[in-house]
Amino acid sequence: MEKKKPKKIFVQGAIPPEKIAGAIANHQSKTNIGAHSIFLGQIRADEIEGRTVSAIEYTAYEEMAENIYHEIRETAFSKFNITCAHVYHSLGKVKTGELCLFVFTSSAHRKMAIEACNYFVEEIKTKLPIFGKEIFEDETHQWKVNK
Amino acid sequence: MEKKKPKKIFVQGAIPPEKIAGAIANHQSKTNIGAHSIFLGQIRADEIEGRTVSAIEYTAYEEMAENIYHEIRETAFSKFNITCAHVYHSLGKVKTGELCLFVFTSSAHRKMAIEACNYFVEEIKTKLPIFGKEIFEDETHQWKVNK
Amino acid sequence: MNINVKYFGMIAEAAGKTEEVLELEGNPSLGELKDRQVKKYAIKDPQSVQLAVNQNLNTQVELQDGDEVAFLPPFAGG
Amino acid sequence: MNINVKYFGMIAEAAGKTEEVLELEGNPSLGELKDRQVKKYAIKDPQSVQLAVNQNLNTQVELQDGDEVAFLPPFAGG
């Protein structure tokens, strides 16, 4: 049975660029780090049958997502020689051009940071129970499905 | 013969985290972007035979580096379906914990952004005539060699 | 037995609610519970719907009184 | 002929300068120029030193009057 408290990954609304700068600045005192890898998901203004996406509204089965994220995180730390990893995903409405996902991994060397970042992104996209409602400019909507 | 003006990649001193936030913010109006991939190089306080690195002082054969970077960039845009790419490398002294390399690629989808970012990082490390003097806390130094 | 059911995304939209407590008779299997709710709320594309019992996607479990069963449409994070 | 020579990194340190103009007699090859300067400045680990002629690493060229030849130690960007 997992006893550790799962890390929080959800934030309300879009992730501001300043949060990313803050996360980077927080790691400048960790002088064993040589490489950071960052992935950002941004909302695209996709056009679907003549309608243009203006925002995605995210919901999640939060407790389950946090527990699964905790397992992903444990696996990542056992697979990759990383010093730290931070993941944030939006809940609620995120407008086109805004950021909904922020994955940040750090390591002494580039290879591990990059591989761990990719691992998190793939696992988050496929394993976390997060749901997205694509809202069009005309207020209609459809449900997003990851490919 | 290449006629286009090469992109500037060198900046004096460390790359501040705010520059990264600014670059991200500048791309929020590009609503065809769905994914950003970022790589950051940070100066490690490596200990070598009892001496600890306190900074790296970078120099470069600047004109040649910019011309080669231009070719790397052209190749990257032909290989990967990316919307934009930005690369900055420090010249002069960068202290431990500070950032010396910032690679930023964007695409509609994550795979292309990530692959292009990795491509830039590998090419920059192996092909650009950039030289690093590792300065130790006792003011002695040695010359860095990429592995 | 009482089952706490949660609905997400397009399923919550179809059901018109995000959760409810079902009083079930005769120890139905998880598959029977799914079929029942799919019909009741006309949930589309039911083969794309995953069920999680107490946050676990393993569906080889028998339902117990007090279980939390979540109806999960395709994931769309990132 | 006159050759503009540039030195970088540990080579500039060994040479005590970052550039100089060499007046060369008898059309030396690039290899001969390298050997000459390696000896002159006691440049260490000469097999790790690359030469660029007019910013080009292709060393299958004949030196021409006015060429820029750069002595490049191992790259260490990033």
Side-chain angles (χ1 to χ4, degrees), chain A residues 1-2 6 9-11 15 39-44 46 53 56-72 87-91 94 98-103 117-118 120-135 140-147, chain C residues 2-22 24 30-31 33-78:
Chain A
M1 290 289 283
E2 189 51 68
I9 65 166
F10 291 112
V11 296
I15 297 160
F39 179 84
L40 302 171
Q42 181 168 304
I43 307 296
R44 276 196 318 274
D46 280 349
V53 171
I56 295 182
E57 190 176 324
Y58 285 105
T59 52
Y61 188 5
E62 291 185 49
E63 306 88 335
M64 181 175 166
E66 279 169 358
N67 285 331
I68 294 177
Y69 172 66
H70 184 74
E71 288 167 27
I72 293 169
V87 171
Y88 298 98
H89 196 292
S90 296
L91 289 182
V94 184
E98 293 184 330
L99 303 173
C100 60
L101 174 62
F102 171 29
V103 178
C117 189
N118 293 349
F120 273 107
V121 172
E122 293 307 314
E123 293 285 285
I124 287 159
K125 293 236 178 200
T126 54
K127 294 195 176 162
L128 296 195
I130 300 173
F131 314 101
K133 186 169 149 180
E134 292 178 315
I135 300 167
T140 61
H141 71 266
Q142 73 170 21
W143 292 91
K144 180 170 175 267
V145 175
N146 277 355
K147 278 173 221 152
Chain C
N2 286 351
I3 302 291
N4 303 304
V5 183
K6 291 185 165 234
Y7 305 109
F8 291 93
M10 67 182 83
I11 301 171
E13 186 177 52
K17 62 187 80 169
T18 59
E19 53 191 315
E20 65 184 320
V21 178
L22 297 180
L24 301 177
L30 199 59
L33 172 61
K34 179 174 171 177
D35 289 346
R36 191 188 122 146
Q37 301 307 94
V38 162
K39 274 188 202 129
K40 182 172 175 191
Y41 296 126
I43 295 169
K44 282 181 212 159
D45 202 12
Q47 74 279 7
S48 75
V49 175
Q50 294 187 84
L51 265 58
V53 180
N54 301 324
Q55 302 181 25
N56 197 323
L57 288 176
N58 174 11
T59 52
Q60 305 303 308
V61 293
E62 281 188 25
L63 283 176
Q64 312 272 348
D65 184 53
D67 275 352
E68 177 172 290
V69 176
F71 281 65
L72 306 172
F75 299 171

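Proteins come first, then strands; the chains are lettered A, B, ... in the order of their sequence lines, and each starts at number 1.
Proximity to chain C (any heavy atom under 4.5 Å) is shown, for Ala65(A), by neither the backbone nor the side chain. Looking at Leu101(A), the atoms closer than 4.5 Å to chain C (heavy atoms on both sides) all sit in the side chain, from C-beta outward. In this structure, no portion of Ser90(A) lies under 4.5 Å from any heavy atom of chain C. If you measure heavy-atom distances from Gln142(A) to chain C, you find no contacts under 4.5 Å at all.
A heavy-atom distance below 4.5 Å is found between the side chains of Glu13(C) and His141(A). Residues Pro73(C) and Trp143(A) are not in side-chain contact: their nearest non-hydrogen atoms beyond the backbone lie 4.5 Å or more apart. In this structure, the side chains of Phe131(A) and Leu72(C) come closer than 4.5 Å at one or more pairs of heavy atoms.
Among the residues in residues 48-58 of chain C, those with a non-hydrogen atom closer than 4.5 angstrom to a non-hydrogen atom of chain A are Ala52(C), Gln55(C), Leu57(C). Interface residues of residues 61-70 of chain C toward chain A, defined by a heavy-atom distance below 4.5 Å and sorted by number: Glu68(C), Ala70(C).
The salt bridge (Lys or Arg N to Asp or Glu O under 4.0 Å) search around Lys17(C) returns Glu20(C), not counting sequence neighbours. Partners of Tyr61(A) under the ring pair (Phe, Tyr, Trp, His ring centres under 6.0 Å) rule, at least two apart in sequence or in another chain, are Phe8(C).
The 12-atom threshold is not exceeded at NZ of Lys39(C), counting heavy atoms of other residues, nucleotides or ligands nearer than 6.0 Å. Taking a 6.0 Å sphere around NZ of Lys127(A), one finds it holds 12 or fewer heavy atoms contributed by other residues, nucleotides or ligands.
Atom-to-atom distance recorded for Phe75(C):CZ and Ile124(A):CD1 is 13.5 Å, nearest 0.5 angstrom.
Closest of all the heavy-atom pairs between Ala76(C) and Gly132(A) is CB-N, 3.8 Å.
Side chain of His89(A) to main chain of Gly77(C): no donor-acceptor pair is present (N/O by atom type, distance under 3.5 Å, no hydrogens or angles).
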